[in-house]
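Down below is the structure, laid out as structure tokens.
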There are 2 protein chains.
Amino acid sequence: MEWLKIDDVAKRSGLTKRTIRYYEQIGLIPPPERSDGGYRLYTEEHVTLLLKITNAKDVLGFSLQELQEFIALSDALELQKMDYRQVKGTSLQREKLEKILETTLEQLRLIELKKQNILKVEEDIVSLKNRAEAALKRWAEEDAK
Amino acid sequence: MEWLKIDDVAKRSGLTKRTIRYYEQIGLIPPPERSDGGYRLYTEEHVTLLLKITNAKDVLGFSLQELQEFIALSDALELQKMDYRQVKGTSLQREKLEKILETTLEQLRLIELKKQNILKVEEDIVSLKNRAEAALKRWAEEDAK
DNA sequence: ATTAACGTTTACGTCAACGTTAATGTTTAC
DNA sequence: GTAAACATTAACGTTGACGTAAACGTTAAT
């Protein structure tokens, strides 16, 4: 297994070392393995997770706490899968699943909203662009005389 | 002219009074008129601007400082328009216009990126949703026996 | 003309999300 | 085996974006 040291992860993810440790501290990423001397040893999966996190953070404007809830959701679903054969669904398990489903639906609605709004902003900027272009064109014509 | 007081603006924009004053303080919105006693007197346009600002902030995840630059851009373009007849385009004016155009193009590229990323996140969530649905379905089938 | 409701400025408080520094231990390269 | 480079924890600092409270002035309604 090829381990990554924290600075490697930092470079690959575009985050700082401090930020990576901070994310671990608040439980946003799982604690990595450690070397005998106590160095953190990461895998590629950590990098992938960090990239997803930053992406979701940027895109959805989520706070880290909100992201935690989202991550917890995915984890819960993984756990659910594993439990599945052993603990055949008690109603408690089912409620959990339904809660997960509900939350994802809410997230999707939120994303639709974001999409709508991004279009509005885009329109504003395009109109700005057009006006700038028009002004430049007038300028050029004026100049040609 | 119908003036709006700060609380009216707060209600219409969904912001707090503090936030509105803060936005004025950092130059994000133009200082409104004042009554003889010093009360702030707003117009509908202030409301519109504030809505645009919050929208852009939410959607693009811009900091207030980045938004300032964006606002400054629009303002510069308005000014450009007014200057147009008086100061026939010196090359300095043209450079300004070109800079504005360039910035809008950059903003549009940034928005494209956001769109791409939002799709990625959406996919992740959809896959989460599907897994939750599948699990629930298995549960229901199991239950039917 | 008073009073309740609303506004003003000033200033200190807060919270998230890190940055930075210090004191110390670990790996790696030569 | 000894630097140089890199890591660790702990703790304090910083910045943006407001919240909140105090002391006080203004408007609106009765």
Side-chain angles (χ1 to χ4, degrees), chain A residues 1-44 46-47 49-72, chain B residues 1-44 46-47 49-72:
Chain A
M1 173 99 71
E2 267 309 295
W3 297 112
L4 301 172
K5 279 190 284 184
I6 195 165
D7 202 43
D8 305 328
V9 176
K11 272 166 192 156
R12 295 212 198 190
S13 66
L15 300 172
T16 69
K17 295 184 279 184
R18 173 63 166 105
T19 299
I20 297 171
R21 293 198 197 99
Y22 177 66
Y23 283 4
E24 177 188 341
Q25 187 187 333
I26 65 173
L28 203 53
I29 57 173
E33 299 292 311
R34 296 287 188 132
S35 75
D36 288 355
Y39 277 32
R40 286 178 176 77
L41 302 174
Y42 296 92
T43 71
E44 287 292 339
H46 280 96
V47 177
L49 179 57
L50 283 171
L51 287 175
K52 274 195 186 182
I53 285 175
T54 48
N55 198 31
K57 192 188 157 197
D58 281 8
V59 167
L60 301 179
F62 276 10
S63 70
L64 297 182
Q65 185 169 355
E66 287 168 315
L67 280 179
Q68 272 182 53
E69 291 165 22
F70 181 67
I71 300 265
Chain B
M1 173 99 69
E2 267 310 294
W3 297 112
L4 300 172
K5 279 190 284 185
I6 196 165
D7 202 43
D8 304 329
V9 177
K11 272 166 192 156
R12 295 213 197 190
S13 66
L15 300 172
T16 69
K17 294 184 279 183
R18 173 65 168 102
T19 299
I20 297 172
R21 292 198 196 98
Y22 177 67
Y23 284 5
E24 178 188 339
Q25 187 187 332
I26 65 173
L28 202 53
I29 56 174
E33 299 294 310
R34 295 289 186 130
S35 75
D36 288 356
Y39 276 33
R40 286 178 176 78
L41 302 174
Y42 296 92
T43 70
E44 287 291 340
H46 279 96
V47 177
L49 179 58
L50 282 171
L51 287 175
K52 275 194 185 181
I53 286 176
T54 48
N55 197 30
K57 191 188 157 196
D58 282 7
V59 167
L60 301 179
F62 276 9
S63 71
L64 296 183
Q65 185 169 354
E66 287 168 315
L67 279 180
Q68 274 180 53
E69 291 165 22
F70 181 67
I71 300 268

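Order of the sequence lines fixes the chain letters, A, B, ..., with proteins taken first and strands second; residue numbering starts at 1 for each chain.
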Please identify each residue that fulfils side chain to side chain contact (heavy atoms under 4.5 Å, CB included) with B:Lys17, with sequence neighbours left out.
-> B:Ile6, B:Asp7, B:Ala10, B:Arg21
Nucleotide by nucleotide, nucleotides 1-16 of chain D touches protein heavy atoms under 4.0 Å in the pattern (B base, S sugar-phosphate only, - none) -----BBBB-B-----
Under the ring pair (Phe, Tyr, Trp, His ring centres under 6.0 Å) rule, collect the residues that match up with A:Tyr42, sequence neighbours excluded.
-> A:His46
B:Leu60 meets the side chain to side chain contact (heavy atoms under 4.5 Å, CB included) criterion, sequence neighbours left out, with A:Val121, B:Phe62, B:Ile111
Measure from CG on A:Leu50 to P on C:dA17 and round the result to the nearest Å.
-> 15 Å
Within residues 52-59 of chain B, those residues having any heavy atom closer than 4.0 Å to DNA chain D are B:Lys57
What dot-bracket string describes DNA chain D from 5' to 3', counting Watson-Crick and G-U wobble pairs whose defining distances are under 3.5 Å, with [ ] for crossing pairs and | for pairs to another strand?
-> ||||||||||||||||||||||||||||||
Sorted by first residue and then second, give each salt bridge (charged side-chain N to carboxylate O under 4.0 Å, His left out) pair with at least one member in residues 51-66 of chain A; sequence neighbours left out.
-> A:Lys52-B:Asp124
Mind checking salt bridge (charged side-chain N to carboxylate O under 4.0 Å, His left out) for B:Glu44 and listing every partner two or more places apart, or none if nothing turns up?
-> B:Arg12
Residues at least two apart in sequence or cross-chain that pass side chain to side chain donor-acceptor pair (under 3.5 Å) with A:Thr16, listed by chain then number, are A:Thr19
Taking only distance into account, with no hydrogens and no angle test, what donor-acceptor pairs under 3.5 Å do side-chain atoms of residues 22-34 of chain B form with protein atoms, sequence neighbours excluded?
| from | atom 1 | to | atom 2 | distance (Å) |
| --- | --- | --- | --- | --- |
| B:Glu24 | OE1 | B:Arg40 | NE | 2.7 |
| B:Arg34 | NH1 | B:Gly38 | O | 2.8 |

Return no unless some side-chain N or O of A:Thr19 is found under 4.0 Å from OP1 or OP2 of C:dG19.
-> yes
Applying side chain to side chain donor-acceptor pair (under 3.5 Å), name anything that partners A:Asn55, two or more places apart in sequence or on another chain.
-> B:Asn117
With sequence neighbours left out, write down each residue that passes salt bridge (charged side-chain N to carboxylate O under 4.0 Å, His left out) with A:Lys5, or none if nothing qualifies.
-> none
